[in-house]
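One structure below.
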Amino acid sequence: MKKIVLVAGARPNFMKVAPILRTIERYSHELCGVLVHTGQHYDRNMSHTFFTSLGIREPDYNLEAGSGSHAAQTAHVMIRFEEVCLKENPDIVLVVGDVNSTIAAGLVAKKLHISLCHVEAGLRSRDRSMPEEINRLATDAITDIFFTTEPEGTANLLGEGHTKDTVHFVGHVMIDNLFYQLERISNDGDRLIDPSVKDLKKRLPEKYFCLTMHRPSNVDNKETLSGLLKAIAETGLKAPIVFPCHPRTRKNIDLFGLSPFLHPAERDGGDSAFITSGIVATEPLGYNDFLYLWKDAAGVLTDSGGMQEETTALKIPCITMRTTTERPITVQIGSNEVVGTRGDRVIALAHKILQGEWKTSRVPDLWDGDASKRIVEVLRR
Ligand code: UD1
């Protein structure tokens, strides 16, 4: 029996681990999956709601790392994760993505001579001011088996001196999850989707946007955040914008006195009124609740990594408010455009979306819902 410890810590990890764990559990006669939640994200809306809405079972361990400085958070995960590894003595530690929990667990595994697999390896923004870029570079420097989502990821790893036999281009587990959840919503949406979210959608016009924004480079600086919010609010005059607000962003909007930007205009007033324009801020939403909204949006504005890929998979126009992307395929053949943080670019491109003038796009190779099967095939070998 091969024992595999899977590590998830922050919101964007949960949807990547879900399909891999499901696939591993189909081979229970030869593979044993141990699920570790590092507790990097701990708010109900950032963590528990994600686990339940993705249909992930209870984790075997919760390390309760919580927030703190990068050093404190990384160190906390390392200390607690080492205890887990010593107790479980796994054959493989599998980490996903690029968050602090990814590098923390990776370091622990390698120093205990446990094989390390990295899912979503090889992505590079070439912007070393992003904490995620440091996590990607450092994790890949010590990984034994790499799973890549796009050819550029493979090319980056080979260029950094890793050998071909260690790099497996498997497609994207996040897209496995996306297709799986879309099917669940279409079969069982009435039960799965929160009534308040269904109600919100009924109140939106045919053309609306969805927005996510939480990167420190966008939300920790008052000038940048207010510039972006101003441009987004101007876009919101043409079509309403639904904005599930990350705790970091919410805190800074309040701190910088920017909450007046967040009010939607409602026809006739009242809770059931039709929303005609403006920014509709909500608490962070569960995965399926948000998917239920953005899958039918005219476009998505974001600074997230995952949203660039998920919108590409559904060919929904995506405006990425960052200066770089580590996921170039979403721009080269997908529906994504990287616009930087200039408000006028955001406004101009949102206008293009509303005019129906967006570029045509294609879904990247192997983003077909079967990436976790390919990964588990390699793990079995
Ligand atoms: C982390 C990841 C980022 C990912 C994002 C998704 C790193 C370096 N960054 O950023 O790549 O895109 O998650 O959401 O790992 N907070 C809460 N409740 C929570 C979690 C966070 O209130 O459940 C607040 C805390 O004030 C915390 C801040 O948000 O200090 C930042 O959380 P943290 O996990 O450090 O980083 P994120 O910005 O969420």
Side-chain angles (χ1 to χ4, degrees), residues 11 15 43-46 48-55 177-214 229 232-247 249-250 253 259-302 304 306-307 310-311 313-319 335 346-347 349-356 358:
R11 199 170 53 167
M15 44 276 213
D43 276 5
R44 204 178 154 75
N45 284 338
M46 298 290 286
H48 177 78
T49 308
F50 262 73
F51 263 70
T52 46
S53 73
L54 294 172
N177 175 64
L178 173 65
F179 291 166
Y180 178 83
Q181 303 299 346
L182 277 174
E183 200 177 322
R184 283 179 77 206
I185 292 177
S186 101
N187 294 335
D188 200 12
D190 267 354
R191 201 181 53 83
L192 279 177
I193 306 302
D194 192 277
S196 66
V197 172
K198 276 191 281 192
D199 181 58
L200 171 59
K201 193 169 187 179
K202 278 195 206 128
R203 297 164 58 209
L204 290 167
E206 191 197 332
K207 285 194 179 174
Y208 62 91
F209 290 98
C210 286
L211 162 69
T212 76
M213 185 164 57
H214 71 280
L229 275 178
I232 293 163
E234 195 171 326
T235 299
L237 293 176
K238 302 208 181 79
I241 299 176
V242 182
F243 180 26
C245 212
H246 185 285
T249 313
R250 169 69 72 180
I253 286 177
S259 50
F261 280 120
L262 300 186
H263 293 297
E266 293 170 345
R267 198 193 292 159
D268 304 328
D271 281 352
S272 57
F274 196 63
I275 297 168
T276 50
S277 64
I279 303 178
V280 188
T282 72
E283 293 296 304
L285 296 176
Y287 182 88
N288 284 327
D289 287 339
F290 189 46
L291 173 57
Y292 180 76
L293 292 170
W294 73 256
K295 74 182 175 61
D296 297 319
V300 169
L301 294 93
T302 193
S304 126
M307 283 309 298
E310 293 194 303
T311 47
L314 299 191
K315 296 188 176 172
I316 292 180
C318 180
I319 299 174
S335 58
V346 174
I347 295 168
L349 282 170
H351 182 71
K352 251 179 130 173
I353 293 176
L354 293 174
Q355 298 302 110
W358 204 252

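Remember, predicted model here, so these are calculated numbers, not experimental data.
A distance-only check finds a donor-acceptor pair linking the side chain of D289 to the backbone of D194 [under 3.5 Å]. Checking side-chain atoms of T311 against main-chain N and O of P317 turns up no donor-acceptor pair under 3.5 Å. Panel note: side chain T249, backbone M213; a donor-acceptor pair is recorded below 3.5 Å. A donor-acceptor contact shorter than 3.5 Å links the side chain of K207 to the backbone of L354. Judged by distance alone, with hydrogens and angles left aside, the side-chain atoms of S335 form a donor-acceptor pair with the main-chain N or O of I316 at under 3.5 Å.
Atom CG in N177 sits 7.0 Å away from atom CD in E310 (nearest 0.5 Å). Interatomic distance, S304 OG to R11 CZ, rounded to the nearest 0.5 Å: 8.0 Å. A distance of 10.5 Å separates CZ of R203 from OG1 of T276, quoted to the nearest 0.5 Å. Taking CG from N45 and NE2 from H246, the interatomic distance works out to 11.5 Å, rounded to the nearest 0.5 Å. In this structure, CG on L178 lies 6.0 Å from CG on L291, to the nearest 0.5 angstrom. For the atom pair C210 SG and Y292 OH, the distance stands at 12.0 Å (nearest 0.5 Å).
Between L204 and F274, the closest heavy-atom pair is O-CE1, 3.6 Å. The two residues G55 and R184 have their closest heavy-atom pair at N-NH1, 3.9 Å. Smallest separation of non-hydrogen atoms from P284 and P247: CG-CD, 4.2 Å. Counting all heavy atoms, side chain and backbone alike, P244 lies closest to L211 at CD-O, 3.2 Å. Across all non-hydrogen atoms, the minimal contact from S277 to G236 is CB-O, 3.1 Å. Between L229 and F261, the closest heavy-atom pair is CB-CD1, 3.9 Å.
Using a 4.5 Å heavy-atom threshold, the side chains of L200 and I275 count as touching. Contact annotation: the side chain of L285 approaches that of L293 to within less than 4.5 Å [non-hydrogen atoms, C-beta and beyond]. You'll find the side chain of F290 reaches within 4.5 Å of the side chain of T212, heavy atoms only. Taking 4.5 Å as the limit, every side-chain heavy atom of Q181 sits out of range of all side-chain heavy atoms of M15.
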Would you sort out whether I253 and F243 count as a side-chain contact (heavy atoms from CB on, under 4.5 Å), showing the intermediate values?
-> CA-CA 13 Å; I253 286 177; F243 180 26; 4.1 Å; yes
Audit row: L262, R250, side-chain contact (heavy atoms from CB on, under 4.5 Å) steps and yes/no = CA-CA 11 Å; L262 300 186; R250 169 69 72 180; 4.0 Å; yes
Please test I279 against F209 for side-chain contact (heavy atoms from CB on, under 4.5 Å), starting from the C-alpha separation and ending with a verdict.
-> CA-CA 9 Å; I279 303 178; F209 290 98; over 6 Å; no
Show your reasoning for whether side-chain contact (heavy atoms from CB on, under 4.5 Å) applies to D296 and Y208.
-> CA-CA 9 Å; D296 297 319; Y208 62 91; 3.6 Å; yes
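A search for ring pair (Phe, Tyr, Trp, His ring centres under 6.0 Å) contacts involving Y287 returns nothing, not counting sequence neighbours.
Counting heavy atoms of neighbouring residues, nucleotides and ligands inside a 6.0 Å radius, atom CD of E206 does not exceed 12 of them. Heavy-atom neighbours of K295 NZ from other residues, nucleotides or ligands within 6.0 Å: above the threshold of 12.
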